[in-house]
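I have placed the structure first, in the form of structure tokens, so that the comments after it can refer back to it.
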2 protein chains.
Amino acid sequence: MANKAAPDAPPGSAGGTPTRRYSERSRQAIFEAALALVGEVGYEKLTIEGIAARAGVGKQTIYRWWPSKAAVLLDAFGSAADAYEHEGLPDTGDLAADLKAVLRATVDEFNDAAWQAPYRALVAAGTNDEELSRSFVGRLMEPGIRLYVERLRAAREAGELDPDVDLRIGAEMLLSPFSQRWLMRTGELTHAFVDTLVDQVLRGLRRRD
Amino acid sequence: MANKAAPDAPPGSAGGTPTRRYSERSRQAIFEAALALVGEVGYEKLTIEGIAARAGVGKQTIYRWWPSKAAVLLDAFGSAADAYEHEGLPDTGDLAADLKAVLRATVDEFNDAAWQAPYRALVAAGTNDEELSRSFVGRLMEPGIRLYVERLRAAREAGELDPDVDLRIGAEMLLSPFSQRWLMRTGELTHAFVDTLVDQVLRGLRRRD
DNA sequence: TCTCAACGAGACGGGTCGTCTCGATCGAGC
DNA sequence: GCTCGATCGAGACGACCCGTCTCGTTGAGA
């Protein structure tokens with residue numbers, strides 16, 4: 001079954017299909033309009049008509065390629081995220097320091113207002129739409145989680161972590177309290193918080209001497 | 001500033017204001033209609049008009065008391081949740097067993113379809129609406145988190161946990177991976193998962209011998 | 001140069017929004 | 001019991017957005 005949230009990119013990605021017609025200009029205009037508008041009016045008041053008008057595009061052009069405003073945002077966000085490809089977490093040999101550095105940077109990123117509106121909008125939409133959330137998780141979240149799992153695996157193989165540790169759950173112990181605080185505003189997102197979190201999580205994962 | 005998501009309950013709670021007029025029948029009918037409808041058509045297609053029609057109530061009666069459909073759901077959910085007051089987590093002296101028992105029960109509860117729609121809807125709405133999310137967290141989530149913090153505190157005072165442990169973050173290490181999996185569907189919610197999670201979290205919190 | 005799908009633009013019926021206006025209903029105070 | 005006034009159920013109203021459907025127009029592929 002085709003992933004309705006990620007339609008074929010018209011001219012890009014040399015697929016098997018002959019090729020769609022021109023549209024790249026409209027595509028970019030739609031992404032920019034969607035991201036700008038969701039920041040201005042919020043997700044609830046974001047409309048397809050509004051995006052089309054702002055992008056200088058016909059409504060049909062949007063309806064032709066995306067099934068919902070959430071799908072437009074997902075593509076817009078994914079297109080922006082693809083820009084900086086993941087190159088893995090740093091590995092200086094000091095696991096705690098590496099994790100703290102990355103998570104501190106992520107704190108700053110998540111406290112940036114420009115980021116918040118579209119990202120929150122996507123999570124919210126995915127909460128109520130299972131298919132969308134699967135696309136969202138698979139495209140934007142899962143790769144990030146795997147980076148942490150891999151960094152933990154390297155530490156385990158270096159003898160730093162207990163061999164019996166469940167790496168996936170270990171990564172979730174690091175990331176979920178973080179994203180939960182941000183998403184549901186159950187607590188502040190500070191450098192001190194991630195430092196304590198990293199220390200307390202690693203205490204449980206480390207090999208006993 | 002008044003909490004717009006939780007208007008004065010008309011006849012209940014003897015406040016300073018003289019008293020609102022009768023409405024309890026309508027109030028209950030609105031809650032029942034809202035919860036039933038959100039389960040049938042989902043949050044996106046839930047409308048104020050629909051709730052009013054189903055409850056046999058004028059639209060104005062809803063608009064008079066609540067600012068949005070999310071606020072109606074929050075009150076409906078809170079009113080249902082107030083029914084079974086929290087009486088604290090079990091304390092048999094075996095922390096791991098107690099936590100596993102409670103979290104396993106919570107797994108079953110969260111896998112219940114009837115629960116999911118309104119709860120997801122509220123989280124989603126709160127994601128995009130800061131004030132709503134603060135009401136939601138304060139009224140429905142924070143009390144639950146505190147139960148875990150208190151159970152951990154009892155264990156720490158019994159000498160089971162390290163005295164330096166941050167209880168709040170400890171509780172989040174237990175609960176956030178859980179709710180994250182449920183909310184964003186990043187993984188399955190099973191008894192085996194919570195068992196491993198509890199073991200792995202407690203490994204880090206326990207006092208070293 | 002010709003062809004034809006995608007394009008911008010916008011008309012269309014249907015539905016919901018939030019506000020407003022009706023009598024009717026009921027609690028509070030006399 | 002009677003008056004008073006706020007809330008009640010009901011629904012009309014204009015505005016907006018939905019998703020579909022035409023229009024000519026544009027531009028890439030043959």
Side-chain angles (χ1 to χ4, degrees), chain A residues 4-5 7-34 37-38 40-73 121 125 128-129, chain B residues 4-5 7-34 37-38 40-73 121 125 128-129:
Chain A
K4 77 172 181 185
D8 317 299
S13 64
T17 47
T19 34
R20 318 288 255 197
R21 293 309 186 79
Y22 64 98
S23 72
E24 195 54 30
R25 188 190 334 283
S26 309
R27 191 177 166 83
Q28 286 305 323
I30 289 167
F31 288 165
E32 285 169 24
L37 276 176
V38 79
E40 289 173 19
V41 305
Y43 180 72
E44 296 285 347
K45 293 185 176 175
L46 178 69
T47 67
I48 303 269
E49 292 206 1
I51 298 172
R54 164 93 117 193
V57 141
K59 283 165 59 174
Q60 194 63 265
T61 302
I62 298 182
Y63 280 114
R64 177 157 25 237
W65 276 327
W66 294 278
S68 67
K69 61 181 179 179
V72 174
L73 271 186
N128 289 314
D129 178 342
Chain B
K4 78 172 181 185
D8 318 298
S13 62
T17 48
T19 35
R20 318 291 253 199
R21 292 315 184 75
Y22 63 97
S23 71
E24 195 54 30
R25 190 192 331 285
S26 310
R27 192 177 165 82
Q28 285 305 323
I30 288 166
F31 288 165
E32 285 170 24
L37 275 175
V38 80
E40 289 173 18
V41 305
Y43 180 73
E44 295 286 346
K45 294 187 174 174
L46 178 69
T47 67
I48 303 269
E49 296 208 359
I51 298 173
R54 164 92 120 195
V57 141
K59 283 166 57 174
Q60 193 61 266
T61 301
I62 297 182
Y63 281 113
R64 177 158 24 237
W65 301 100
W66 294 277
S68 67
K69 61 181 178 178
V72 175
L73 270 186
N128 289 315
D129 178 342

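Predicted model only: the values in this text are computed from it and were never measured.
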Ring-ring centroid check B:Trp65 B:Phe31, cutoff 6.0 Å: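 B:Trp65 vs B:Phe31: aromatic centres not under 6.0 Å.
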Touch class at under 4.0 angstrom, heavy-atom based, for A:Gly56 against every strand present: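 Sugar-phosphate, backbone atoms only, no base.
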A:Ile51 side, atom CD1; A:Leu46 side, atom CG - distance, nearest 0.5 Å: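 One gets 4.0 Å once the value is rounded to the nearest 0.5 Å.
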Pairwise distance OG1(A:Thr61) to NZ(A:Lys59) - rounded to 0.5 angstrom: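 It comes to 11.5 Å.
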Whole-Å distance separating the [atom1] atom of [X] from the [atom2] atom of [N]:
| X | N | atom1 | atom2 | result |
| --- | --- | --- | --- | --- |
| A:Ile51 | C:dG8 | CD1 | P | 14 Å |
| A:Ile62 | D:dC17 | CD1 | P | 13 Å |
| A:Glu49 | C:dG10 | CD | C1' | 10 Å |
| B:Arg27 | D:dT7 | CZ | P | 14 Å |
| B:Lys59 | C:dC17 | NZ | P | 7 Å |
| A:Gln60 | D:dT26 | CD | P | 19 Å |
| B:Trp65 | D:dG9 | CH2 | P | 12 Å |
| A:Lys45 | C:dC17 | NZ | P | 13 Å |

Which residue lies more 5' along DNA chain C, comparing B:Arg25 with B:Thr47 via nearest heavy atoms: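 By nearest-heavy-atom nucleotide position, the 5'-most residue is B:Thr47.
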Considering only side-chain heavy atoms of [X], which listed nucleotide, [options], is closest?
| X | options | value |
| --- | --- | --- |
| A:Ser26 | D:dG19, C:dC7, C:dC17 | C:dC7 |
| A:Tyr63 | D:dT20, C:dG18, D:dT7 | D:dT20 |
| B:Ile48 | D:dC18, C:dG18, D:dC8 | C:dG18 |

Residue B:Arg64 excluded, over 12 heavy atoms near CZ under 6.0 Å: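 Counting neighbours around CZ of B:Arg64, more than 12 heavy atoms of other residues, nucleotides or ligands fall under 6.0 Å, so yes.
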Steps toward side chain to side chain contact (heavy atoms under 4.5 Å, CB included) verdict (A:Leu37, A:Glu40): CA-CA 5 Å; A:Leu37 276 176; A:Glu40 289 173 19; 4.1 Å; yes
Distance below 4.0 Å between A:Arg64 side-chain N/O and C:dA6 OP1 or OP2: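 Result: no.
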